[in-house]
Amino acid sequence: MSEKHQTWGWMLAVDFFFAGMGGAMLIVAAIIDLFIGKNQISVLANIVGPLCMSVGCGFLILELGRPLQAWRVFMNPKAILTFGAWMMTFAIISGFVYASFGIDFGLFFWRDWGFLRQLLALVNLVTGLVVATYPGVLLGRHKGRPFWVGPAIMGLFLLSSLVTALALHLLCAMIAPVEGSVLNNLPKLLAALLLAQGLLWAGYLWIKASGTTAAEAASAQRWISGDLSKRFKISFMLLGTLLPLVMFLIPVSLFQGLATLLVLFGGVTMRMMTVTSGNDRTFLPGELQYRSRLPHGHERFLKKNWI
Amino acid sequence: MARYAMVMDTRHCIGCHSCTIACKIRNELPTYMIYNPVTTDGPHGTFPHLNMLFLPLLCMHCDNSPCVDACPTGASVQTENGIVHVVDKKCVGCLSCIMACPYGARYHNHETGAVNKCNFCLDRVEEGMRPHCVETCHQKARIFGDLDDPNSEVSKLISENRSFQLLQELNTDPCVFYIY
């Protein structure tokens, strides 16, 4: 039997990546604005944050079976997806209005309203935190998906969102530098967060593989020694975490620029793998064997005209 | 108000798949959609102490249904009599319910873009009839009825026999009971 489109696909992983990164970019910008000082972040970075979330929204809509009816996802306040959709909408609007404060354009008459700017920074902080965290919350609540279930995935997603957001802030600062910005100290912070990311993922897999149910252990084994192990070890751990960690510690702009791209590659790879791992459900007795015997849809007997 | 439930008498089920076929024909399901597969659990043990049972699966119409909670559009609903079903015109095919269901009872219809599932043949039940799979089962291994009525056949079977529910540890409170 074909499993095509019976589970979430790569577009949702890309949505998680862009939405999480965009949300965390708002968090970083808001914290700097509220607690360190304004004019530390370029207009480019302030625009890229909500833009990333908008791109994420686009992928989310394309993932739907009926994309033209996407507005319906706002309708059930009890569903976490609805909550996430509303928060993402608020974050995008608030993020773009906040970014407008840095654009010298006559129609933006509110540019001198400092109170509004700070209020929007606060809104960005809250909504950005929710947007960056909620994919992890969404996945962690799935009782029947052994790789996701539990609160730890929430922390891993938030951490990854922060790491990718800081990397993109650094990249934006390289393209559009802001003199005396606190962002100039980012590489060391990023290296520390990447170290934490590597350690936490290793711990997560070790706990899943050794201290939980058989289904959770089997799902973790796919990452440790199964079909996802090469992608995990080479693409995520080596190229997406360890290599940029080292490169960030070398004070050469070229290395640090390349490192930011590697971090983004690691972030999207991790989300792809995590979403793929959700295809593994806690199967019922005999179910796996039953489904393995079903036709895939391309068999000759299915295509033959029997009449 | 009734609380509909189904009892699977695994002592009577012979794994003939009549229910699977009846359901597919009645609901005109494509190849990849099977609302009620019948799996084989076992054989377990060593000769001569062997046991094996056929396990008819379907939507568990859980009291605490994760699919209804997960649906962002309100398309997945539970009626007052406990039947969980999808209001097709409201479904956007986000697959949240498919991912939330621990029983794999929901399917994405590639042609319509919506999600479909077993609804205990809601239209038949509303007219006082039994679901088609129950009607078809010649071994009377599927029993349908009102769980809230202590005199119903399902209530008596559950109280008088050893029974279990699937994935009970997930607190979904399924309304399909297996007696053995």
Side-chain angles (χ1 to χ4, degrees), chain A residues 1-9 12 60-61 63-86 138-139 141-146 148-149 213 215 275 278-279 281-291 293-299 302, chain B residues 15 17 20 30-34 37-42 44 52-55 57 60 62 64 66-77 88-115 166-167 169-172 178:
Chain A
M1 188 179 68
S2 172
E3 286 297 315
K4 185 185 165 195
H5 300 311
Q6 291 300 337
T7 51
W8 282 331
L12 194 90
L60 181 65
I61 290 168
E63 173 79 12
L64 299 177
R66 292 171 171 172
L68 296 177
Q69 296 188 34
W71 57 272
R72 288 188 189 274
V73 301
F74 293 100
M75 302 310 284
N76 183 10
K78 288 181 188 168
I80 188 163
L81 209 79
T82 301
F83 179 69
W86 275 112
L138 178 73
L139 300 186
R141 291 178 78 245
H142 283 89
K143 296 172 181 175
R145 306 282 163 178
W148 298 344
V149 70
T213 64
V275 170
N279 295 349
R281 197 163 35 77
T282 304
F283 288 103
L284 302 169
E287 190 190 354
L288 211 52
Q289 191 183 24
Y290 178 88
R291 295 200 184 278
R293 289 172 177 168
L294 294 172
H296 291 273
H298 55 72
E299 285 79 1
L302 285 173
Chain B
H17 300 268
T20 309
T31 314
Y32 59 89
M33 288 166 72
I34 302 173
V38 181
T39 66
T40 308
D41 184 26
H44 297 295
M52 184 178 90
L53 56 85
F54 296 107
L55 212 58
L57 305 174
M60 301 287 146
C62 309
N64 183 19
C67 55
V68 173
D69 293 341
C71 178
T73 68
S76 280
V77 288
D88 188 80
K89 67 176 183 182
K90 284 188 182 177
C91 180
V92 295
C94 69
L95 312 193
S96 293
C97 55
I98 292 181
M99 302 307 287
C101 175
Y103 302 98
R106 288 170 167 255
Y107 293 90
H108 185 212
N109 189 325
H110 302 164
E111 287 171 19
T112 64
V115 170
L166 290 172
L167 301 179
E169 67 277 13
L170 300 184
N171 290 327
T172 53
Y178 294 83

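Just so it is clear: chains get the letters A, B, ... in the order the sequence lines come, proteins before strands, and each one is counted from 1. Values below: all heavy atoms of this structure, side chains included; hydrogens, waters and symmetry mates excluded.
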Looking only at Thr82(A), Val73(A), Leu60(A), Leu139(A), the option with the highest number of non-hydrogen pairs under 4.5 Å against chain B is Val73(A)
Cut-off 4.5 Å, heavy atoms of chain A, and the answer for Ala100(B) is both
Cut-off 4.5 Å, heavy atoms of chain A, and the answer for Pro37(B) is both
Pro102(B) and Gly144(A) have their tightest heavy-atom pair at CB-CA, 3.9 Å
So, the part of Trp148(A) with a heavy atom under 4.5 Å from chain B: the answer is side chain
Notebook entry, point to check: Does any non-hydrogen side-chain atom of Leu294(A) lie less than 4.5 Å from one of Ile34(B)?
Noted result: yes
Okay, Lys78(A) and chain B: the region with an atom under 4.5 Å from a heavy atom over there is backbone
Closest non-hydrogen contact found for Pro72(B) with Ala79(A) is CA-CB, 3.6 Å
Sorted by chain and residue number, the side chain to side chain contact (heavy atoms under 4.5 Å, CB included) partners of Ile61(A) (sequence neighbours excluded) come out as Pro67(A), Ala70(A)
ask   = Looking only at atom types and distance, does a side-chain atom of Arg66(A) sit under 3.5 Å from a main-chain N or O of Thr112(B), one as donor and one as acceptor?
value = yes
Of all heavy-atom pairs linking Arg72(A) and Lys90(B), the shortest is CD-O, 3.2 Å
The interface call for Leu55(B) against chain A, heavy-atom contacts under 4.5 Å, is side chain
Q | Test item: Leu284(A) and Thr39(B) side chains (from C-beta on) under 4.5 Å apart, heavy atoms | A | no
Whatever's closer than 4.5 Å to a heavy atom in chain A on Leu57(B) counts as side chain
So, the part of Val38(B) with a heavy atom under 4.5 Å from chain A: the answer is backbone
The interface call for Leu64(A) against chain B, heavy-atom contacts under 4.5 Å, is both
request  = Count the heavy atoms of every other residue, nucleotide or ligand shown that sit under 6.0 Å from CD of Glu169(B), and state whether that count exceeds 12.
outcome  = yes
Practice problem: Check whether any side-chain heavy atom of Tyr32(B) sits under 4.5 Å from a side-chain heavy atom of Pro295(A), and report yes or no. | Solution: no
Interatomic distance, CZ@Phe283(A) vs CG@Leu167(B), rounded to 0.5 Å, equals 11.5 Å
Legend entry - Exam field: side chain Thr40(B) to backbone Gly286(A), donor-acceptor pair closer than 3.5 Å: no
What one should report as the nearest heavy-atom pair of Arg281(A) and Tyr103(B) is NH1-C, 3.5 Å
Bottom line for Phe54(B): the part with an atom under 4.5 Å from chain A's heavy atoms is neither
